[in-house]
Asker: 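My questions all concern the structure below.
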Amino acid sequence: MKDGRILTVGGEELRELIGAGTEVVELGGRLLIPGFQDAHIHAVMGGVELGQCDLTGTTDRDEYLRRVRDYATANPRAEWILGGGWSMESFENGIPDRRLLDSVVSDRPVYLLNRDHHAAWVNTVALERAGITASTPDPASGRIDREGDGTPVGALQEGAMELVEVPDMTASEKYEGLMRAQQLLLSLGITAWQDAMLAAANGYADVSDAYAKAVRDDTLIATVVGALWWDRDLGLEQVARLVERRAELTAGRLRCDTVKLMLDGIAENFTAAMTEPYRDACGHATANRGMSFIDPEALPRYVTELDKLGFQAHFHALGDRAVRDALNAVEAARSANGPSDTRPHLAHLQVVHPADVPRFAQLGATANMQPYWAAHEPQMDELTIPFLDPAAVNRQYPFGDLLQSGARLAGGSDWPVSTPDPLQGIHVAVNRALPDEGREPFLPEQRLDLATALEAYTAGSAYVNRRDDTGRLRPGFRADLVVLDRDLFVRPREEIGAAKVELTFVDGRRVYG
């Protein structure tokens with residue numbers, strides 16, 4: 001490679017090109033691949049949370065409380081105790097109680113996001129600060145979990161999280177979070193990513209200034225696509241501002257020509273939008289089919305206008321009704337504007353109706369997978385499967401069906417919701433089981449082969465990120481490269497998750513290892 005690009009690709013014959021100034025990296029049985037790209041991640045958020053009260057890596061309630069107590073003790077001047085990473089499986093019905101937090105911190109508000117970032121666990125002081133009582137109505141886009149008499153129990157779902165006014169992160173906290181995240185992601189071989197929530201609203205933090213500073217200071221090593229947030233409380237009147245933000249933020253290694261539209265919630269708290277109603281604990285159909293955060297009737301108009309202006313649409317679509325709404329919107333844009341290269345993509349895709357599977361290829365919409373979730377674990381087995389329509393249970397994460405239908409696949413993590421390590425996601429995509437769990441594969445007929453899964457995290461995400469000179473080992477392509485500690489193609493597929501990144505290069509420059 002030279003001047004940041006791959007000169008040629010070959011075998012032993014390339015030794016003839018070695019000159020006095022050539023750096024030679026002997027693979028010795030290791031695997032050289034294109035740099036990974038994450039098509040759906042929240043890098044600043046993940047980096048900030050690494051420095052807060054971190055509850056990840058355990059599901060033990062006592063351990064949660066120990067960590068909260070220790071963090072509060074170590075930060076006596078912190079007005080709020082902020083952090084997250086708790087799992088719904090740790091609590092009965094997935095709902096934590098404020099009194100548990102009160103037992104370790106009763107003098108300051110505590111606000112802890114769950115690992116999915118679709119709910120918050122708060123203590124009594126936080127509820128009191130927000131004025132949330134038994135008489136407080138549920139917001140249209142969320143739910144206050146309650147005791148029998150209506151008293152808030154201490155869990156706030158989706159839009160109800162906005163009722164608590166958590167202090168804004170400072171500019172320095174966000175920038176430090178981005179730098180912390182970048183260091184981690186480069187160590188995992190991720191050379192580019194799409195941050196799924198810049199210029200946010202609806203109670204989420206705007207982290208765009210962290211990227212703007214990194215561009216100004218020339219400290220952004222990776223290439224980043226920023227997905228500008230669609231405010232679900234507004235309509236087409238916000239488009240002019242999105243155009244302005246695209247121009248303001250696109251510079252250097254940052255490009256912001258994508259708009260993120262969050263259509264629904266998650267299945268575990270019954271807010272993912274489904275075509276069939278959720279079941280109750282006895283298996284009976286309820287009246288609840290989840291939530292549509294953006295009006296499905298208006299969505300096609302929004303996406304058509306964005307597409308006309310050259311924006312890429314990036315949908316959060318987890319339930320099959322949300323997936324259908326997103327595809328309907330893409331179809332409307334195609335019909336109104338004709339073919340375009342805006343490359344829309346749908347992220348998460350937990351449940352996809354069979355009738356909609358072939359529409360991805362027909363419409364040129366990429367299936368943006370988060371494969372790490374496609375496995376048996378308590379949140380799936382105890383809080384999801386029992387409450388889905390029986391037909392929907394077997395339609396979860398249908399990566400194999402999407403591939404067979406001709407859909408383009410991309411890979412992402414949604415970190416800090418789950419691990420940012422692409423090798424962990426690829427492991428589950430291939431095995432449909434978590435590494436070292438010993439559980440039965442989850443819908444094994446939807447497995448991907450290794451080459452396909454690896455391509456999703458390289459060329460597939462490069463396509464979504466519109467970085468057409470990356471994602472493959474080809475002459476003239478950018479030398480964004482990764483060396484793994486083993487050749488995955490000659491080792492058992494059960495070992496994929498044990499592989500490690502040893503070297504990472506961006507534009508031919510070693511940035512890790």
Side-chain angles (χ1 to χ4, degrees), residues 38-43 45-46 113-119 141-142 157-159 161-162 193-205 207 225-234 238 242 258-275 289-296 298-300 302-303 306 311-330 343-353 356 360 365-374 384 396-397 402 409-418 461 464-465:
D38 194 311
H40 184 105
I41 194 170
H42 304 280
M45 185 185 300
L113 295 167
N114 75 351
R115 75 181 196 190
D116 294 319
H117 291 67
H118 288 262
S141 60
Q157 307 290 340
E158 301 293 351
M161 295 187 291
E162 299 176 42
W193 63 78
Q194 184 161 147
D195 195 304
M197 195 161 60
L198 265 66
N202 306 125
Y204 297 101
V207 300
V225 175
L228 304 174
W229 183 260
W230 181 269
D231 189 332
R232 60 196 181 207
D233 294 330
L234 301 176
Q238 68 187 287
L242 292 171
T258 295
V259 173
K260 165 73 174 300
L261 301 107
M262 185 170 173
L263 303 190
D264 67 341
I266 60 172
E268 294 89 342
N269 67 4
F270 317 127
T271 58
M274 300 291 183
T275 59
R289 296 174 187 260
M291 293 183 173
S292 293
F293 294 148
I294 299 175
D295 180 5
L299 183 64
Y302 300 160
V303 175
L306 293 171
F311 282 108
Q312 175 187 66
H314 177 165
F315 300 94
H316 168 118
L318 199 136
D320 60 351
R321 181 160 56 87
V323 171
R324 181 168 293 172
D325 290 341
L327 292 172
N328 288 345
V330 173
R343 307 187 188 186
H345 56 117
L346 284 67
H348 308 326
L349 307 175
Q350 179 164 352
V351 180
V352 182
H353 194 283
D356 292 314
F360 283 81
T366 298
N368 184 342
M369 313 176 296
Q370 284 64 61
Y372 192 75
W373 305 341
T384 303
Q396 295 187 81
Y397 306 113
L402 286 163
L409 305 180
S413 66
D414 205 15
W415 184 64
V417 171
S418 58
S461 292
V464 162
N465 289 334

Asker: Does V464 form a side-chain contact (heavy atoms from CB on, under 4.5 Å) with R343? I'd like the steps, not just the answer.
Answerer: CA-CA 6 Å; V464 162; R343 307 187 188 186; over 6 Å; no

Asker: If you measure from CD1 on I266 to NE2 on H316, what distance do you get to the nearest 0.5 Å?
Answerer: 8.0 Å

Asker: State which residues pass salt bridge (Lys or Arg N to Asp or Glu O under 4.0 Å) with R115; sequence neighbours excluded, sorted by chain then number.
Answerer: E89, E377

Asker: I want to check something: taking the side chain as every heavy atom from C-beta on, are W230 and L242 in contact at a cut-off of under 4.5 Å?
Answerer: yes

Asker: In terms of relative ring orientation, are W373 and Y397 parallel, tilted or perpendicular, with 30° and 60° separating the classes?
Answerer: perpendicular

Asker: Suppose we screen for side-chain hydrogen bond (donor to acceptor under 3.5 Å, both in side chains). Which residues come up paired with D295, at least two apart in sequence or across chains?
Answerer: none

Asker: With a 4.5 Å heavy-atom cut-off, do V323 and L349 have their side chains touching?
Answerer: yes

Asker: Between L346 and N368, is there a side-chain heavy-atom distance shorter than 4.5 Å?
Answerer: no

Asker: With sequence neighbours left out, what residues match T271 under side-chain hydrogen bond (donor to acceptor under 3.5 Å, both in side chains)?
Answerer: E158, N269

Asker: I'd like to check the ring pair (Phe, Tyr, Trp, His ring centres under 6.0 Å) partners of H314; sequence neighbours left out, ordered by chain and number.
Answerer: H40, H345

Asker: A side-chain contact here means heavy atoms from C-beta on lying under 4.5 Å apart; do L299 and N328 qualify?
Answerer: no

Asker: Quick check: closest heavy atoms across L318 and A267, and the distance to 0.1 Å?
Answerer: CD2-N, 3.7 Å

Asker: State, yes or no, whether a side-chain contact exists between Q312 and Q194 at a heavy-atom distance under 4.5 Å.
Answerer: yes

Asker: Would you check if T384 and Q350 make a side-chain contact, meaning some heavy-atom pair closer than 4.5 Å?
Answerer: yes

Asker: Heavy atoms only: give me the nearest H117-M161 pair and the separation to one decimal.
Answerer: O-CE, 3.7 Å

Asker: Just jot down the side-chain hydrogen bond (donor to acceptor under 3.5 Å, both in side chains) partners of T275, sequence neighbours excluded, or say none.
Answerer: D320

Asker: State, to 0.1 Å, how close V303 and A313 come at their nearest heavy-atom pair, and which atoms those are.
Answerer: CG1-CB, 4.3 Å

Asker: Go through N202 and W229 one step at a time and tell me if the side-chain hydrogen bond (donor to acceptor under 3.5 Å, both in side chains) criterion holds.
Answerer: CA-CA 9 Å; N202 306 125; W229 183 260; 2.8 Å; yes

Asker: Can you confirm whether H42 sits close enough to D414 that some side-chain heavy atom of one is under 4.5 Å from a side-chain heavy atom of the other?
Answerer: yes

Asker: Which pair of heavy atoms, one from A43 and one from D195, lies closest together, and at what distance?
Answerer: N-OD2, 3.2 Å

Asker: S461: which residues meet the side-chain hydrogen bond (donor to acceptor under 3.5 Å, both in side chains) condition with it, sequence neighbours left out?
Answerer: none

